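In what follows, a structure is listed as structure tokens, so that the remarks can point back to it.
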Amino acid sequence: MQQREEKQLEAAVDSLVSRVSLVKNALQSFINKLENEYERLTWPSVLDNFALLSGQLNNINKLLKNEKTPSFRSQVIIPLLLSPDRDEDLAKLTEQRVPVFSHEIVPDYLRTKPDPDVEEQEKQLSAEAARIGPEVAQKQIQVLNKLCSSLLEKLNNPREDRDPDSAGARQNKPSFNSADTSLLVTAVAFGKGLSKCRPPGPVAPGHSVLSGPTLQQVTIGSGAGQQAGMGGPVAQQQQGQPGKMPSSIKTNIKSASGSMHPYNR
């Protein structure tokens with residue numbers, strides 16, 4: 001009878017170790033993806049890894065709750081030898097995670113209860129939960145569910161749906177300045193706002209003056225085919241005597257009679 005129980009216990013331990021090794025390999029693979037492939041990692045892939053881990057943990061729970069599995073609660077592990085020296089066999093069995101089986105690490109690895117600080121905090125939380133009545137707890141649950149639903153709705157909806165005013169302002173915002181456009185249209189169509197380049201003095205009848213910053217050309221209507229050369233001295237009209245030709249221009253016209261300046265042909 002005792003040998004049968006020992007065999008069942010050994011088989012259950014081997015099965016448990018194999019399932020735990022599967023969980024360990026899945027965790028190592030997932031951590032490797034998070035550290036080295038995080039740029040290509042997608043959310044559906046992360047969910048698949050979590051689903052794999054969850055399924056493996058459920059299999060371990062089913063194995064522990066199976067009727068044929070002996071109760072591990074009745075099994076007591078007692079350290080027979082504690083040493084501060086390195087144990088190569090122990091390091092090989094634990095994949096170099098536990099090289100030493102000493103007084104410092106035994107309370108952590110063989111602990112069957114939570115840490116005393118954690119256990120104390122758990123007791124405080126349990127006491128606070130017991131003081132809250134069922135009605136107050138139900139109200140707090142409803143408020144929390146409402147907050148979570150509102151947060152999920154904001155995260156799932158686009159930003160434009162959450163802020164319609166700003167979205168409408170962005171859509172209706174003009175891409176041009178209407179005042180500048182009106183000034184440009186009136187300037188092209190009607191010449192409004194354009195500067196007029198004319199000489200300061202009045203222009204006599206029969207004379208057309210094209211003025212620039214350094215050039216003036218005077219055309220005399222009465223002398224057919226006679227023009228003042230651009231190379232010769234040209235005097236500006238005297239103010240207060242419109243239509244009267246200065247004497248210097250008459251002299252230049254007489255000297256240039258019968259020959260036209262090549263630039264004015």
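As the structure is a computational prediction, the values presented were derived from the model and not from experiment. Heavy-atom basis, side chains included; hydrogens, waters and symmetry copies ignored.
Heavy-atom minimum distance, Pro99 versus Ala91: CA-CB, 4.0 Å. Pairing each heavy atom of Leu34 with each of Leu41, the nearest pair is CD2-CD2, 3.6 Å. Taking each heavy atom of Glu88 and Arg86 in turn, the nearest pair found is OE2-NE, 2.9 Å. Residues Ser102 and Pro84 come closest through the heavy atom pair CB-CA, 4.2 Å. What you find for Asp85 and Val100 is that their closest heavy atoms are O-CG1, 3.7 Å. Nearest heavy-atom pair, Ala12 versus Leu63, reported as atom, atom and distance to 0.1 Å: O-CD2, 4.5 Å.
For the atom pair OG1 of Thr69 and CG of Leu64, the computed distance is 7.0 Å after rounding to the nearest 0.5 Å. Considering CZ of Arg40 and CD of Glu37, their distance stands at 5.0 Å, rounded to 0.5 Å. Here Leu16 contributes atom CG and Ser18 contributes atom OG; the two are 7.5 Å apart, rounded to the nearest 0.5 Å. For the atom pair CG (Leu22) and CG (Leu57), the distance works out to 11.0 Å, reported to the nearest 0.5 Å. In this structure, Lys192 NZ and Ser182 OG are separated by 9.5 Å, a value rounded to the nearest 0.5 Å. Here the CD atom belonging to Glu120 is positioned 11.5 Å from the CG atom belonging to Asp115, to the nearest 0.5 angstrom.
In this structure, Val20 is not a member of the same hydrophobic cluster as Ile31, with clusters built from ILVMFWY side-chain heavy atoms closer than 4.5 Å. In the hydrophobic clustering of ILVMFWY residues, with side-chain heavy atoms under 4.5 Å counting as a link, Val13 and Val76 come out apart. By the rule that hydrophobic residues join a cluster once side-chain heavy atoms approach within less than 4.5 Å of another member, Phe30 and Trp43 end up as members of one cluster. Under the 4.5 Å side-chain contact rule for hydrophobic residues, Val143 and Leu152 do not share a cluster. Grouping the Ile, Leu, Val, Met, Phe, Trp and Tyr side chains by contacts below 4.5 angstrom, directly or via other members, places Val136 apart from Leu144.
Listed for the Asn66 side chain is no donor-acceptor partner under 3.5 Å among the backbone atoms of Lys62. The main-chain N or O of Ser54 is found under 3.5 Å from a side-chain atom of Asn58 such that the two form a donor-acceptor pair. Judged purely by atom type and a 3.5 angstrom limit, Ser15 has no side-chain atom pairing as donor or acceptor with the backbone of Ala11.
The local environment of CD in Glu119 is crowded, with over 12 non-hydrogen atoms from other residues, nucleotides or ligands closer than 6.0 Å. The number of heavy atoms from other shown groups lying within 6.0 Å of CD (Glu135) does not exceed 12. For Lys24, the NZ atom sits in a packed shell: over 12 heavy atoms of surrounding residues, nucleotides or ligands are nearer than 6.0 Å. Leu147 CG: more than 12 foreign heavy atoms inside a 6.0 Å radius. Around atom CD of Glu122, no more than 12 heavy atoms belonging to other residues, nucleotides or ligands sit under 6.0 Å away. Within 6.0 Å of CZ on Phe50 lie no more than 12 heavy atoms contributed by other residues, nucleotides or ligands.
Here the side chains of Val185 and Phe190 are not in contact, with every heavy-atom distance at 4.5 Å or above. At least one side-chain heavy atom of Leu52 sits less than 4.5 Å from a side-chain heavy atom of Gln56. Under the 4.5 Å side-chain criterion, counting only non-hydrogen atoms from C-beta, Ile132 is in contact with Gln140. Side-chain contact check for Lys154 versus Ser150: some heavy-atom pair is nearer than 4.5 Å.
Using a 4.0 Å cut-off between charged side-chain N and carboxylate O, Arg111 and Asp108 make a salt bridge.
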Review point. Thr42 and Val46: side chain to side chain contact (heavy atoms under 4.5 Å, CB included), yes or no, with the steps?
Key: CA-CA 7 Å; Thr42 59; Val46 174; over 6 Å; no

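Ring-centre distance between Phe101 and Tyr109: not below the 6.0 Å cut-off.
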